[in-house]
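Report on the following structure.
Order of the sequence lines sets the chain letters (A, B, ...), proteins ahead of strands, with each chain counted from 1. Because the structure is predicted, anything quoted here is derived from the model rather than measured.
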There are 2 protein chains.
Amino acid sequence: MPRTLPEPSVDSFDLTVILSALADPGRRALMTALYQRPDPIDCSVLAEEADLGLSNPTISHHYRVLREAGLTRTLVVGRQRIVRVRRDDMEKRFPGLLQAVLGGE
Amino acid sequence: MPRTLPEPSVDSFDLTVILSALADPGRRALMTALYQRPDPIDCSVLAEEADLGLSNPTISHHYRVLREAGLTRTLVVGRQRIVRVRRDDMEKRFPGLLQAVLGGE
DNA sequence: TCAATTGTTTGACGCTCATCGAATCGTAGC
DNA sequence: GCTACGATTCGATGAGCGTCAAACAATTGA
């Protein structure tokens with residue numbers, strides 16, 4: 001049974017936190033690559049695809065920021081981390097935001 | 001003849017700069033108040049309306065950040081600064097973004 | 001011309017953040 | 001159990017940002 005890393009509830013979404021998370025180019029590159037995919041994906045595969053040129057600790061940090069902002073959900077499967085965009089939750093709270101920010105990149 | 005303070009062209013809009021500008025609560029409060037208005041307005045009147053509890057230098061700094069991000073246009077009329085949202089330019093470059101960020105506040 | 005007013009710039013301070021190397025944690029496989 | 005490996009955390013460092021007081025600039029009105 002897969003574990004889920006801590007994440008905020010929809011009600012506690014904070015626009016300042018969300019915009020700060022999306023303001024960083026590296027995190028936005030991760031989000032854009034993730035947003036284009038229909039299905040969840042392995043963290044490291046996505047990071048390699050995004051080709052950020054950052055160290056593992058830094059990438060891990062960025063994933064955490066995205067998750068704690070409520071943008072992503074992370075499942076723990078063995079040594080892997082499977083990540084996905086929280087589309088419905090984001091759409092419910094800030095409709096059109098993800099499309100406006102990530103859609104045109 | 002009114003002078004216009006320096007601002008970026010639509011082509012040089014940078015999403016990182018725009019999101020960073022909107023990520024600050026004070027600046028977003030200014031933008032939200034400004035976005036709800038159909039017409040341009042005096043900077044200090046808007047700032048008073050937004051009730052930020054910040055010093056004049058800080059407010060002036062925030063206005064500059066918003067302007068240099070391309071979010072606002074500032075006209076110099078005597079000692080006053082008349083500010084407005086660059087709706088069309090923003091819509092052209094990042095459709096739906098302002099509505100998604102400022103519409104629900 | 002001069003004083004008052006309004007907005008900006010400068011300089012400084014404290015805080016946060018992005019980043020990395022090294023250490024740590026947890027799982028997989030033997 | 002033990003080792004290898006993937007991911008996170010810790011600690012440190014450097015850069016950037018928000019903030020304000022003080023100095024500066026520009027306009028108004030007498």
Side-chain angles (χ1 to χ4, degrees), chain A residues 1-7 14-31 34 40-69 71-84, chain B residues 1-7 14-31 34 40-69 71-84:
Chain A
M1 180 145 186
R3 214 172 85 244
T4 306
L5 261 41
E7 65 183 29
D14 182 351
L15 188 50
T16 297
V17 175
I18 290 175
L19 291 178
S20 298
L22 291 174
D24 182 87
R27 285 194 293 262
R28 207 165 59 250
L30 283 176
M31 280 299 296
L34 189 60
I41 184 182
D42 185 289
C43 272
S44 59
V45 174
L46 184 73
E48 188 168 348
E49 181 181 315
D51 191 27
L52 303 181
L54 296 174
S55 69
N56 264 342
T58 301
I59 293 176
S60 180
H61 163 70
H62 285 323
Y63 273 124
R64 175 204 267 259
V65 171
L66 291 173
R67 174 172 49 84
E68 292 183 340
L71 288 161
T72 60
R73 171 163 300 148
T74 305
L75 268 68
V76 177
V77 180
R79 275 179 304 192
Q80 304 179 4
R81 304 291 183 273
I82 310 299
V83 63
R84 91 181 69 185
Chain B
M1 180 146 186
R3 215 172 84 243
T4 305
L5 261 41
E7 65 183 30
D14 182 349
L15 189 51
T16 297
V17 176
I18 289 175
L19 291 178
S20 299
L22 291 173
D24 181 86
R27 285 194 293 263
R28 206 165 60 250
L30 282 177
M31 280 299 296
L34 190 60
I41 183 182
D42 184 289
C43 273
S44 58
V45 173
L46 184 74
E48 188 168 348
E49 182 181 316
D51 191 27
L52 303 181
L54 296 174
S55 70
N56 262 343
T58 301
I59 292 175
S60 180
H61 164 69
H62 285 323
Y63 273 125
R64 177 204 264 258
V65 171
L66 292 173
R67 174 172 50 84
E68 291 182 341
L71 289 162
T72 61
R73 171 163 301 149
T74 305
L75 270 67
V76 177
V77 180
R79 275 179 304 192
Q80 303 180 4
R81 304 292 184 273
I82 309 298
V83 64
R84 89 182 70 186

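Two residues are said to be in side-chain contact when any heavy atoms from C-beta on lie closer than 4.5 Å; B:Asp42 and B:Arg81 fail this criterion. B:Thr72 places none of its side-chain heavy atoms less than 4.5 Å from the side chain of B:Glu7. When side chains are defined from C-beta on, A:Arg67 does not count as touching A:Val83, because their heavy atoms never get closer than 4.5 Å.
Once rounded to the nearest 0.5 Å, the distance linking CG of B:Leu22 with CG of B:Leu71 reads 5.0 Å.
In this structure, the NE2 atom of A:His62 is 12 Å from the P atom of C:dC17, given to the nearest Å. Atom-to-atom, CG of B:Asn56 to P of D:dA23 comes out at 17 Å; the value is rounded to the nearest Å. The CD-C1' distance, from B:Glu48 to C:dG7, rounds to 15 Å in whole Å. Separating the CG atom of B:Leu66 from the P atom of D:dG18 is a distance of 10 Å, rounded to the nearest angstrom. The interatomic distance linking B:Arg64 (CZ) with D:dG18 (C1') rounds to 15 Å, in whole Å. Rounded to whole angstrom, the span from the CG atom of A:Leu19 across to the C1' atom of C:dC17 amounts to 17 Å. Computed from coordinates, the B:Leu75 CG to C:dT6 P distance equals 20 Å when rounded to whole Å. Rounded to whole Å, the distance from CZ on B:Arg27 to P on D:dT19 is 8 Å.
Among D:dG18, C:dC20, D:dC20, the nucleotide with an atom closest to any side-chain atom of B:Asp24 is D:dG18. Nearest nucleotide to the side chain of B:Thr58, out of D:dC20, D:dA7, D:dG18: D:dC20. Picking from D:dA22, D:dA7, C:dC20 the nucleotide with the shortest atom distance to the side chain of A:Leu54 gives C:dC20. For B:Arg79, taking side-chain heavy atoms from C-beta onward, the closest of the listed nucleotides C:dG26, D:dT8, D:dT27 is D:dT27. Between D:dC20, D:dT19, C:dA18, one nucleotide has an atom nearer to the side chain of A:His61 than all others, and that is C:dA18. Nearest nucleotide to the side chain of A:Asp42, out of D:dA7, C:dT19, C:dT8: D:dA7.
Judged by distance alone, the side chains of B:Thr16 and A:Arg28 do bring a donor and an acceptor atom under 3.5 Å apart.
Contacts of B:Ser44 with the nucleic acid, taken as non-hydrogen atoms under 4.0 Å apart, involve only primed sugar atoms and P, OP1 or OP2.
Taking the nucleotide of DNA chain C with the nearest heavy atom to each of A:Gly53 and A:Gly78, the more 5' of the two is matched to A:Gly53.
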